[in-house]
Every structure is written in C-alpha cells, then in structure tokens.
Colleague: 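Please read through the structure below; I'll follow up with questions.
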Amino acid sequence: MRLEKCWFCSSTVYPGHGIQYVRNDAKIFRFCRSKCHKNFKMKRNPRKVKWTKAYRRLHGKDMTQDATFEFERKRNRPERYDRNVTENTLKAIKKIDKIRVEREARHYTKRIKGKKGMEQKADTRELEQSIHMVKAPLAQLQEPSLTLPKVATQAKTVEEDNRLMEE
C-alpha cells in the first residue's frame, strides 16, 4: 500500500482517495481533498495558508525540525537481526522518547509564554481605551484608585494633572 503526500497541505493521501492532477509538462500533483485542489488552482501559496503544514513549519508552530524525528525514520529501515544492536536500539528508543517529550514540553511552554504577554498587553490596552464604560469620568476624577496603575514616569504627570484639576 503506497501512501502519498498531498502537494498542498502535506497530509497523507490513502489509495483510492483524493485527486491527482497532471500538468502539461507531465508533473504529477496529488491532493487529499478538493479544498487543497481548489487552493492550488487559485495559485495560493501553501506557506501563506494557515491550516497547512508548510505554514505551521515556517512559523514555528510544529516541532518538525527536531532531530529525534530523523532518528525514527532511520530506525524503520529493515536490518539484519543482531542481539546487541537490538538491545542498544531499545535503550536508545527509550532515551529518545524521553528527550522528545522534554523538547515538546519546552516548545509549548515557550509558545504559551509569548502568547500570555501579548494577551495581557491587549487586555490592558482595551481597558485603558474603554475605562469610561466601566466608570463615569467624574467618578474617576473624584477617586483616582479607579484608574489603571501607570508607569513611574507617567505617574508624575497624572499627579500634576490631578493638582491642576483641583485648582
């Protein structure tokens, strides 16, 4: 059973499935579904379409550059049976699985860390822009604790503004 790769999204195309397109120069393109075929006909770049593996690989969303995957490909070749080699291979498999799990965990924590910071900045920006919807402007002037905490350099200007308002 020969499993092909979709030219557009890189997913597997099983026998009897998908679409095969042959161009005038005899180049064969295989697609897993009509969605990929239509995007190809529209001349879309798979690296710019977010749901493809090419996009995920290019933008660091998948762990495709990990060396442990390369070891697994080498391991799948049929070789002559040797007790010592088999024993060493089984030890290596356990070690590589452990390394892969650790790298994957590091990868996800690194991605989440950046996302949390971006979400926090967006939330504070949104709150700064729409604080008037939460409390009335007069209530904010009377009670300064309702406003967002400012950076030390901006705190002086806020205090000066409050003094000018009181005068």
Colleague: How long is the straight-line distance from SG of C6 back to NE2 of H17, given to the nearest 0.5 Å?
Modeller: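 Answer rounded to 0.5 Å: 14.0 Å.
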
Colleague: Between K48 and Y55, what is the shortest heavy-atom contact and its length?
Modeller: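 Shortest heavy-atom contact: C-CD1, 4.2 Å.
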
Colleague: How about CD on E119, more than 12 heavy atoms from neighbouring residues, nucleotides or ligands closer than 6.0 Å, or not?
Modeller: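 Enclosed.
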
Colleague: For the backbone of K53 and the side chain of S10, can you confirm whether one donor and one acceptor N or O come within less than 3.5 Å of each other?
Modeller: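 Not at all, since once roles are kept as given, no pair shorter than 3.5 Å links the two residues.
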
Colleague: What are the two closest non-hydrogen atoms of I28 and Q20, and how far apart are they?
Modeller: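 So the two residues come closest at CG2-NE2, 3.4 Å.
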
Colleague: Are the charged groups of R23 and D25 less than 4.0 angstrom apart, N to O?
Modeller: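 The answer is yes: the pair qualifies as a salt bridge.
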
Colleague: Nearest 0.5 Å please: distance from the CZ atom of R30 over to the CG atom of L3.
Modeller: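 Answer for the CZ-CG pair, R30 versus L3, is 11.5 Å.
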
Colleague: Test I19 against F40 for side-chain contact (heavy atoms from CB on, under 4.5 Å), laying out the working first.
Modeller: CA-CA 12 Å; I19 300 164; F40 174 78; over 6 Å; no

Colleague: If you define the side chain from C-beta out and look only at heavy atoms, does anything of R44 sit under 4.5 Å from K38?
Modeller: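 R44 does not reach K38 side chain to side chain.
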
Colleague: If you measure from OG on S34 to NZ on K41, what distance do you get to the nearest 0.5 Å?
Modeller: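 If I round to the nearest 0.5 Å, the distance is 9.0 Å.
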
Colleague: Are any non-hydrogen side-chain atoms of K116 and I112 less than 4.5 angstrom apart?
Modeller: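 A side-chain contact exists here, since the closest heavy-atom pair is under 4.5 Å.
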
Colleague: Which pair of non-hydrogen atoms, one from V13 and one from K5, has the smallest distance, and what is that distance?
Modeller: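 For V13 and K5, the tightest heavy-atom pair comes out as CG2-C, 4.1 Å.
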
Colleague: Out of curiosity, N39 CG to N45 CG, how far, rounded to the nearest 0.5 Å?
Modeller: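 N39 CG to N45 CG: 11.0 Å, rounded to 0.5 Å.
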
Colleague: Check the orientation of H37 and Y21. Use parallel for under 30°, tilted for 30 to 60°, and perpendicular for over 60°.
Modeller: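 Plane angle between 30° and 60°, so tilted.
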
Colleague: Quick check: are there more than 12 heavy atoms from other residues, nucleotides or ligands sitting under 6.0 Å from CD of E126?
Modeller: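 Atom CD in E126 is not crowded, with 12 or fewer foreign heavy atoms closer than 6.0 Å.
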
Colleague: Output the distance between atom OG1 (T124) and atom CD (Q129), rounded to the nearest 0.5 Å.
Modeller: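 Answer rounded to 0.5 Å: 9.5 Å.
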
Colleague: Using a 4.5 Å cut-off on heavy atoms from C-beta on, say whether the side chain of T12 contacts that of E4.
Modeller: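 The answer is no; the side chains never approach within 4.5 Å.
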
Colleague: According to a 4.5 Å side-chain heavy-atom criterion applied to Ile, Leu, Val, Met, Phe, Trp and Tyr, with indirect links allowed, do I93 and V101 form part of one hydrophobic cluster?
Modeller: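 Hydrophobic grouping puts I93 apart from V101.
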
Colleague: Minimum heavy-atom separation for W7 and P46, please, with both atom names.
Modeller: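 Looking at all heavy atoms of both residues, the shortest contact is CZ3-CG, 4.4 Å.
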
Colleague: Can you name the nearest heavy-atom pair linking W51 to R33, along with the distance?
Modeller: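 Here W51 and R33 meet closest at CZ3-NH2, 3.6 Å.
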
Colleague: Counting only heavy atoms not in R47 (residues, nucleotides, ligands), do more than 12 fall under 6.0 Å from its CZ?
Modeller: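 Not more than 12 within 6.0 Å, no.
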
Colleague: Rounded to the nearest 0.5 Å, what separates atom CZ in R125 from atom CG in D123?
Modeller: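 The distance works out to 9.5 Å.
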
Colleague: Output yes when E104 and R100 qualify as a salt bridge under the 4.0 Å nitrogen-oxygen rule, no when they do not.
Modeller: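 So E104 does not pair with R100 through a salt bridge.
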
